[in-house]
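So the structure is just underneath, and the comments pick up after that.
First listed ligand is number 1; within each ligand, the first listed atom is number 1.
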Amino acid sequence: MLAHTHVPDMGQTQDPDASLKAAYRPLRVPVLMIAAHGPEYPIVFANAAFLRMSGCSGDEVLGQSWRSIVGEHAEPEALAALEASLKAGEGHDAEFLCRRSDGASLWGSLSVSPVRNEAGRVRLFIVTMTDIGATKQRERLLEEQLEQKKVLLQEVEHRVKNSLQMTASLVLLKARRLKSPEARKVLQEVAERVGALAAVHRLLHGSSDSGRFNIRDLAAELVGELILALPEGQVELSLDVQPIAVPASKAAALALLLNEAIGNAVKHAFPDGRQGRLTITIGRMESDLAITVEDDGVGLDHAPPPEGSFGKTLMTMLAHQLKGRLTWHDMEPGTRAQVVLPIGAEETRFE
Ligand SMILES: Nc1ncnc2c1ncn2[C@@H]1O[C@H](COP(=O)(O)OP(=O)(O)O)[C@@H](O)[C@H]1O
Ligand SMILES: [Mg+2]
């Protein structure tokens with residue numbers, strides 16, 4: 001053991017750093033000393049722990065440039081940054097792929113500290129090194145696992161979307177075969193609601209950031225579907241929707257809310273070919289998200305609500321679920337439905 005820890009001191013007589021080296025020799029932490037002589041910065045001391053870690057003998061290391069300890073896969077920028085610190089006589093911390101004598105590489109965390117002489121000039125650098133291979137390995141494993149989970153989540157979104165779309169199609173097929181207009185309307189509404197949920201999962205599937213999607217895309221998609229019920233040119237559509245990221249946990253409720261509010265304006269506000277304007281605004285109001293669907297149509301009280309109508313009740317329930325507030329305004333003419341809900345830190349603006 002003693003023989004192993006003995007490192008020749010480059011033949012210098014009266015080595016001024018002899019006591020420093022003696023102190024570092026038995027340390028369990030790998031330690032190197034490099035001379036402050038650029039551009040090579042030769043290694044002048046390596047303790048036993050370093051030799052064990054690198055698999056080198058003292059003869060292989062001493063006199064070599066410090067660069068000999070880092071592998072050929074070390075990032076050039078990181079090397080240049082360390083070299084700049086050496087040149088400036090400053091301390092430096094960095095992580096490198098280091099070379100072992102057996103050709104293998106290991107992840108080392110290097111910490112470089114300058115040692116100055118009495119005149120204040122940097123004489124040498126002490127480099128301590130920690131093998132962080134296990135940590136790097138864990139990091140890599142976690143990254144791989146995360147990536148696999150993302151792929152799986154995307155796949156699930158895709159399947160959920162397909163199932164919902166198929167359900168909507170089945171319900172619509174059945175609706176078309178029914179004689180009773182009442183029953184047909186009921187089934188069509190069910191299909192629309194399922195379709196709105198399918199839209200959410202289509203967006204979640206397409207989103208690069210799984211678990212969030214852009215509410216602007218959702219609004220555009222739902223409006224695009226619903227507006228088809230009106231003849232072209234009858235209603236002027238105005239969409240003013242900020243790109244806001246919405247977490248998947250709120251997606252279903254938001255989609256259904258938008259579907260009901262926009263669906264109502266499209267179905268009820270402009271009867272008998274009445275011309276008008278439909279405005280959908282989604283944006284922030286301080287720390288809240290405000291969703292406004294406004295029309296200049298016939299107004300809420302134009303006709304008594306049909307028996308069993310459920311849309312407005314559903315909107316109230318959804319607003320409650322989102323911890324928001326739903327209000328109705330008579331715009332004379334027209335109707336404004338507004339939901340204001342708190343948005344947490346997980347919602348952020350898309351760039
Ligand atoms: N934007 C609107 N303009 C005019 N009337 C509306 C509007 N929204 C809702 N209504 C009226 O409120 C009623 C109830 O709406 P809702 O609860 O969604 O049920 P449904 O849409 O199934 O009739 C509608 O039938 C309609 O008379
Ligand atoms: Mg309705």
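Between Asn264 and ligand 1, at least one pair of N/O atoms sits closer than 3.5 Å. Close N/O approach between Val298 and ligand 1 is not found [any backbone or side-chain N/O within under 3.5 Å].
Atom CE of Met331 has more than 12 neighbouring heavy atoms from other residues, nucleotides or ligands inside a 6.0 Å radius. By the neighbour-count criterion of 12 heavy atoms within 6.0 Å, atom CZ of Phe50 is densely surrounded, having more than that number from other residues, nucleotides or ligands.
The line from NZ of Lys323 to CD1 of Ile343 is 14.5 Å long, rounded to the nearest 0.5 Å. Note that CZ of Arg193 is 12.0 Å distant from CD of Gln188, once rounded to the nearest 0.5 Å. For the atom pair CE of Met129 and CG of Asn47, the computed distance is 11.0 Å after rounding to the nearest 0.5 Å. A distance of 10.0 Å separates CD of Glu192 from CG of Leu222, quoted to the nearest 0.5 Å. We find the CD-CG distance between Glu83 and Leu86 to be 6.5 Å, quoted to the nearest 0.5 Å. Going from atom CG of Leu314 over to atom OG of Ser309 covers 11.5 Å, rounded to the nearest 0.5 Å.
In this comparison of Ala303, Ala265, Gly276, Gly299, the heavy atom closest to atom 27 (O) of ligand 1 sits on Ala303.
Applying the 4.0 Å criterion to heavy atoms of Glu189 picks out, from ligand 1, the atoms 22 (O). Below 4.0 Å from some heavy atom of Gly311 lie the following atoms of ligand 1, by number and element: 16 (P), 17 (O), 18 (O), 19 (O).
In this structure, atom 21 (O) of ligand 1 lies nearest to the protein heavy atom His268 NE2, 2.7 Å. Of all protein heavy atoms, the one closest to atom 1 (N) of ligand 1 is Asp295 OD2, 2.9 Å. Among all protein heavy atoms, the one lying closest to atom 19 (O) of ligand 1 is Ser309 CB, 3.2 Å. Given atom 13 (C) of ligand 1, the protein heavy atom at minimum distance is Pro305 CB, 4.0 Å. Shortest contact from atom 12 (O) of ligand 1 to any protein heavy atom: Lys312 CD, 3.8 Å. From the protein, the heavy atom lying nearest to atom 25 (O) of ligand 1 is Pro306 CD, 3.1 Å.
A side-chain N or O of Gln338 and one of Thr292 form a donor-acceptor pair less than 3.5 Å apart.
Residue-ligand proximity: Met315 is placed with every non-hydrogen atom at 4.0 Å or more from ligand 1.
Of the heavy atoms in Leu300, both backbone and side-chain atoms come closer than 4.0 Å to ligand 1. Only the side chain of Lys185 comes within 4.0 Å of ligand 1, counting heavy atoms alone; its backbone N, CA, C and O stay farther away.
Metal site remark for the Mg ion (ligand 2): Asn264 contributes an N, O or S atom at a distance under 2.8 Å.
Using cut-offs of 30° and 60° on the angle between ring planes, the pair Tyr41 and Phe125 is perpendicular.
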